[in-house]
Novice: 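Encoded as structure tokens, here's the structure I'll be asking about.
Residue numbers count from 1 along this sequence. Keep in mind that this is a model prediction, so the values were computed, not measured.
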Amino acid sequence: MKLNPNRAELLLYGAHLVDPASHDPKGDSIAISGGRILATGWKEQLTTLCSPETRYIDCTGLTLLPGLIDGHAHLDREGLKSVLPSISGARSIVEIQRILGEVVKATPPGEWIVLSPLGTPPLFKDGWSKLAEGRCPNRHDLDMVAPDNPVWIRPIWGYWSNQPDLVSVANTAALELAGIGRTTEPPHPLVTIHRDATGLPDGRFHERTRVSIVEMTLMSAAPGFDVTTRSKAMDVSMRTYARYGTTGIYEGHGVAEEVIEAYGNLQRRGTGCLRATLVVSPKWSTAGDDTDMKEMILDWTAWAKRGLDESDLLRVEGIYAEIDETDEGILRASAAPCTGWAGFHLDCGGKPALVRELLLEAARQGLRVSTIFDDVMTLMGEVDRIHPLAGLGWVRGHVATLDDAAIGAIGDMGLTLVTHTNRHIAKAGSAHLARLGRGRAQEIVPIRRLLDAGIPIALGSDNLPPSLLHPIADLELRRDHSTGETIAPDQAITRREALALATTGGAALLGHAADLGHLKAGYLADLAGFPTDILSIPAEELRHLEAKLTLVGGKVLRQPNAKRDDGS
């Protein structure tokens, strides 16, 4: 049946309509057709646009607003947390053994068992320290219940806890398969192989870093997250983000080949449900000092997109830039294509001279670049003097501290900024304040100054946790959760302003400023409905809020109830 574009396929009614970056529409209803908003108004008015085929959803008690857009999502990481047998939150080695014993019963002898990390999610700060025995389990503890299976307790992603302190544990069978014995040396000074009194490895590894080296070297024999696993996890990830009202994401840290392939798998199956723009993660280990940067960019981009049919919901554009003069990235990348929790290539950082050439060539081509580091910003400034960047839409994520000079340079280069308040206010706000002193407090995530300067801003969750309602609350409260200290309160913004950054700010980041982020006729029907007045709920309660209704392109992902009649 051919749809009439002037007839509503879906009518949402009974809601409080909020358009954070504009005037709120009059009425309580939204009519949707062809994936876009057909009209807003009162239910009685919009029923004239309906037909017997129109679906009705009663939104009484909901605040409807444009869907939230996460500008630094790491969406793929969320679902991966659910694919491993979980010992998260275990309070004793005995409890870990009990869980492992149940997994052993369902696992044929000889097959690998990889368990979730030690500690309590979502931050895993406690590691093994809360175990009743007062120590970390070792290979013998795991051997007692799994003598015939190689077992490995994975390390965490260190940015969850924001501590360079990773612990993982292998049993005897796993150590043997990995070839780790009495003479095995650590692959890097940041790694410690713990040993018993006889000098044999006792199964415990400790790493003074936030991104595991052990996983990619000593224990690379253990199963990683393959494309099949990532594809299944991606569906979980999308549904989780949608639960918090997120309808679109931008992966500003870049994504690896295997993650792009997982997105492509969902697209081909028709199960990809969020609007996603993916930035290419480079592989600097494939480049030499004499690299032709134009050819390298073409090669990276073509390789990232191969077999992928881009659509209105999925685009791959631009490239990520990072400087790395250490050997750690190359060492971690030795396990390619596996990237672990990262989801980006572990050798995505290059030498300064090469990164500068990358930026210059990207500017020549009009290619978008994204970064999260100040040293790359310095190189951007050099390139801007050769080839002006204004108008190219380059992106700087993980905004931490910015002085007047930095804000001026950002404005001159036309950069879009993406916040990381989950870290730089909620976790590290007091540390920034102690480092800078109160006289420079206004430099800490200076959102008010940035808005006053006309700098475009989007919000990012960094998957810590996967809800933009945390950053929205952070921008209002500006409170360090660990100390309770208020951080530069003069830089606070209003709830409506923060929601605008998460809607229209994100829409601009995705390149959809003209048709996304507003409750207006003709705009894409990416919408979120929350069971409260989102403008007045206390900020601390806002953090725990979930969406009851989420739509992307008019497709309902979450809903309170739906009817085929007029809903009365």
Novice: State the CD1-CD distance between Ile57 and Gln559, to the nearest 0.5 angstrom.
Specialist: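 If we round to the nearest 0.5 Å, Ile57:CD1 and Gln559:CD are 4.5 Å apart.
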Novice: Does NZ or CZ of Arg77 lie under 6.0 Å from the centre of the six-membered ring of Trp157, at an angle within 45° of the ring axis?
Specialist: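 Judged by the rule (NZ or CZ under 6.0 Å from the ring centre, within 45° of its axis), Arg77 counts as positioned above Trp157.
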Novice: side-chain contact (heavy atoms from CB on, under 4.5 Å) between Asn265 and Arg268: does it pass, once the steps are laid out?
Specialist: CA-CA 5 Å; Asn265 287 342; Arg268 285 184 286 275; 2.7 Å; yes
Novice: Heavy-atom distance under 4.5 Å between the side chains of Arg154 and Ser168, does that happen here?
Specialist: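 They are not in side-chain contact.
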Novice: Give me the one residue out of Val376, Asp374, Val418 that meets side chain to side chain contact (heavy atoms under 4.5 Å, CB included) with Arg396.
Specialist: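 By the side chain to side chain contact (heavy atoms under 4.5 Å, CB included) criterion, Arg396 pairs with just one of Val376, Asp374, Val418: Asp374.
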Novice: Rounded to the nearest 0.5 Å, how far apart are CD1 of Ile156 and CG of Leu123?
Specialist: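 That separation rounds to 9.0 Å.
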Novice: Let me confirm one number: the CG-CE distance from Leu358 to Met296, rounded to the nearest 0.5 Å.
Specialist: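 Atom-to-atom, Leu358:CG and Met296:CE are 10.0 Å apart.
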Novice: Is there a side-chain contact between Glu78 and Tyr241, using heavy atoms and a 4.5 Å cut-off?
Specialist: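 A side-chain contact exists here, since the closest heavy-atom pair is under 4.5 Å.
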Novice: Compare all side-chain heavy atoms of Trp152 with those of Glu215 and state whether any distance is below 4.5 angstrom.
Specialist: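 In short, these two side chains touch, coming nearer than 4.5 Å.
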Novice: With no hydrogens and no angle check, is any side-chain donor or acceptor of Thr192 less than 3.5 Å from a backbone partner on His194?
Specialist: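 Absent.
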Novice: If you compare all heavy atoms of Leu218 against all heavy atoms of Ala178, which two are closest, and at what distance to 0.1 Å?
Specialist: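 Result for this residue pair: O-CB, 3.4 Å.
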Novice: Checking the side chain of Asp347 only, and the main-chain atoms of Ile330 only, is there a donor and an acceptor separated by less than 3.5 Å?
Specialist: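 A pair under 3.5 Å: no.
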Novice: Is the side chain of Asp141 donor-acceptor paired with the backbone N or O of Asn138 at a distance under 3.5 Å, no angle test?
Specialist: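 It does hold such a pair.
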Novice: Would Asp196 and Arg182 pass as an ion pair if we require N to O under 4.0 Å?
Specialist: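 Answer for the salt bridge query: no.
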Novice: Given side chain to side chain donor-acceptor pair (under 3.5 Å), test Thr107 with Asn149 step by step and report yes or no.
Specialist: CA-CA 8 Å; Thr107 307; Asn149 294 88; 5.3 Å; no
Novice: I need the minimum non-hydrogen distance between Val114 and Pro223, along with the two atoms involved.
Specialist: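 Of all heavy-atom pairs spanning Val114 and Pro223, the closest is CG2-CD, 3.8 Å.
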Novice: A quick test of your reading: do over 12 heavy atoms of other residues, nucleotides or ligands sit less than 6.0 Å from NZ of Lys232?
Specialist: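 Not more than 12 within 6.0 Å, no.
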Novice: Is the NZ atom of Lys81 crowded by more than 12 outside heavy atoms at less than 6.0 Å?
Specialist: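 More than 12 heavy atoms, drawn from other residues, nucleotides or ligands, come within 6.0 Å of this atom.
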Novice: Looking at Asp165 and Arg210, is there a salt bridge between them, counting it only when a charged N and a carboxylate O are closer than 4.0 Å?
Specialist: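 Salt bridge between Arg210 and Asp165, a charged N being under 4.0 Å from a carboxylate O: no.
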Novice: Establish, from distance only, whether the side-chain atoms of Ser461 and Asp70 form a donor-acceptor pair under 3.5 Å.
Specialist: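 Judged by distance alone, the side chains do pair up.
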Novice: Donor-acceptor pair, Asp462 side chain versus Asn422 backbone, under 3.5 Å?
Specialist: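 No; zero donor-acceptor contacts below 3.5 Å.
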Novice: Within the 3.5 Å criterion, strictly below it, is a donor on Asn171 or His140 matched to an acceptor on the partner's side chain?
Specialist: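 Absent: no donor and acceptor within the cut-off.
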Novice: Does any part of the side chain of Ile487, heavy atoms only, come nearer than 4.5 Å to the side chain of Ser430, both counted from C-beta?
Specialist: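 In contact.
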Novice: Nearest 0.5 Å, please: how far is CD1 in Ile93 from SG in Cys136?
Specialist: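 Between Cys136 SG and Ile93 CD1, I get 7.0 Å after rounding to 0.5 Å.
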Novice: Does Glu322 form a side chain to side chain donor-acceptor pair (under 3.5 Å) with Tyr320? I'd like the steps, not just the answer.
Specialist: CA-CA 7 Å; Glu322 178 178 327; Tyr320 174 72; 2.7 Å; yes
Novice: Under a 3.5 Å distance rule, please check whether His74 uses its side chain to pair with a backbone N or O of Asn463 as donor and acceptor.
Specialist: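 No, because the side chain of His74 does not come within donor-acceptor range (under 3.5 Å) of the backbone of Asn463.
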Novice: Ignoring hydrogens and angles, state whether a donor on the side chain of Arg478 or Thr486 is under 3.5 Å from an acceptor on the partner side chain.
Specialist: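 Absent: no donor and acceptor within the cut-off.
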Novice: Do Asp474 and Arg543 have side chains that get closer than 4.5 Å, going by heavy atoms?
Specialist: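 Side chain of Asp474 against side chain of Arg543, heavy atoms only: contact under 4.5 Å found.
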Novice: Kindly say whether Gly110 contributes a backbone atom to a donor-acceptor pair with the side chain of Asp148 at under 3.5 angstrom?
Specialist: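 Not confirmed, Asp148 side chain does not pair with Gly110 backbone.
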Novice: Could you tell me whether Arg479 and Glu540 have a side-chain N and a carboxylate O separated by less than 4.0 Å?
Specialist: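 Looking at Glu540 together with Arg479, the answer is yes, because their closest N to O distance falls below 4.0 Å.
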Novice: Are any of the side-chain nitrogens in Arg315 or Glu317 under 4.0 Å away from the carboxylate oxygens of its partner?
Specialist: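 Looking at Glu317 together with Arg315, the answer is yes, because their closest N to O distance falls below 4.0 Å.
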Novice: Name the orientation class of the two ring planes belonging to His424 and His398 (parallel below 30°, tilted from 30 to 60°, perpendicular beyond 60°).
Specialist: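 Correct class here is perpendicular.
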Novice: Does any part of the side chain of Thr532, heavy atoms only, come nearer than 4.5 Å to the side chain of Glu541, both counted from C-beta?
Specialist: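 The answer is no; the side chains never approach within 4.5 Å.
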Novice: Taking all heavy atoms of Leu331 and all of Pro187, pick out the closest pair and write down the distance.
Specialist: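 In this case the closest contact between Leu331 and Pro187 is CD2-O, 3.7 Å.
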Novice: Going by heavy atoms in the side chains, are Leu75 and Met238 under 4.5 Å from each other?
Specialist: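 Side-chain contact under 4.5 Å: yes.
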Novice: Please report the shortest heavy-atom distance between Phe124 and Leu118, naming the atom on each side.
Specialist: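 Smallest heavy-atom distance, with atoms named: CD2-O, 3.4 Å.
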Novice: Kindly say whether Pro189 contributes a backbone atom to a donor-acceptor pair with the side chain of Arg208 at under 3.5 angstrom?
Specialist: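 Yes; at least one donor-acceptor contact below 3.5 Å.
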Novice: Could you tell me if Asp226 and Thr229 have a donor-acceptor pair between their side chains, going purely by distance under 3.5 Å?
Specialist: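 Judged by distance alone, the side chains do pair up.
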Novice: For Leu557 and Ala242, work out which heavy atoms get closest and say how close.
Specialist: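 Nearest heavy atoms, Leu557 then Ala242: CD1-CB, 4.1 Å.
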Novice: Taking the side chain as everything from C-beta on, heavy atoms only, tell me whether Asp202 gets closer than 4.5 Å to Arg195.
Specialist: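 No, too far: nothing below the 4.5 Å cut-off.
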Novice: Run the salt-bridge test on Arg230 and Glu258 with the 4.0 Å N-O cut-off and return the result as yes or no.
Specialist: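 Judged by the 4.0 Å cut-off on N to carboxylate O distance, Arg230 and Glu258 do form a salt bridge.
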Novice: Taking only Lys NZ, Arg NE, NH1 and NH2, and the carboxylate oxygens of Asp or Glu, determine whether Glu328 and Arg332 approach each other closer than 4.0 Å.
Specialist: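 Looking at Arg332 together with Glu328, the answer is yes, because their closest N to O distance falls below 4.0 Å.
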Novice: Under the criterion side-chain contact (heavy atoms from CB on, under 4.5 Å), I'd like the reasoning laid out for Ile193 against Phe205: C-alpha separation, chi angles, the key distance, then a yes or no.
Specialist: CA-CA 5 Å; Ile193 302 173; Phe205 304 97; 4.2 Å; yes
Novice: CD1 of Ile87 to CD1 of Ile153: how many Å apart, nearest 0.5 Å?
Specialist: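 Result: 4.0 Å between the selected atoms.
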Novice: Examine distances only and state if a side-chain atom of Arg204 and a backbone atom of Arg139 form a donor-acceptor pair shorter than 3.5 Å.
Specialist: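 Pair absent, no side-chain N/O of Arg204 close to backbone of Arg139.
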Novice: Short question: side chain of Arg243, backbone of Glu546 - any donor-acceptor pair under 3.5 Å?
Specialist: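 Not at all, since once roles are kept as given, no pair shorter than 3.5 Å links the two residues.
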Novice: Between Thr120 and Arg91, is any side-chain donor less than 3.5 angstrom from a side-chain acceptor?
Specialist: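 There is such a pair (donor and acceptor under 3.5 Å, judged by atom type) between the side chains of Thr120 and Arg91.
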Novice: Please report the closest heavy-atom contact between Val556 and Arg558, naming both atoms and the distance.
Specialist: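 Minimum heavy-atom contact is CG1-O, 3.4 Å.
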Novice: So Thr401 and Val445, side-chain contact (heavy atoms from CB on, under 4.5 Å) or not? Walk me through it.
Specialist: CA-CA 5 Å; Thr401 63; Val445 194; over 6 Å; no
Novice: Decide if the gap between the ring center of His72 and the ring center of Tyr250 is smaller than 6.0 angstrom.
Specialist: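 No, ring centres 6.0 Å or more apart.
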Novice: Could you grab the distance from atom CD1 of Ile249 to atom OG1 of Thr277, nearest 0.5 Å is fine?
Specialist: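 It is 7.5 Å, given to the nearest 0.5 Å.
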Novice: Quick one: does any side-chain atom of Asp76 pair with a main-chain N or O of Gly343 as donor and acceptor, under 3.5 Å?
Specialist: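 Flag not set: sc Asp76 to bb Gly343 has no pair under 3.5 Å.
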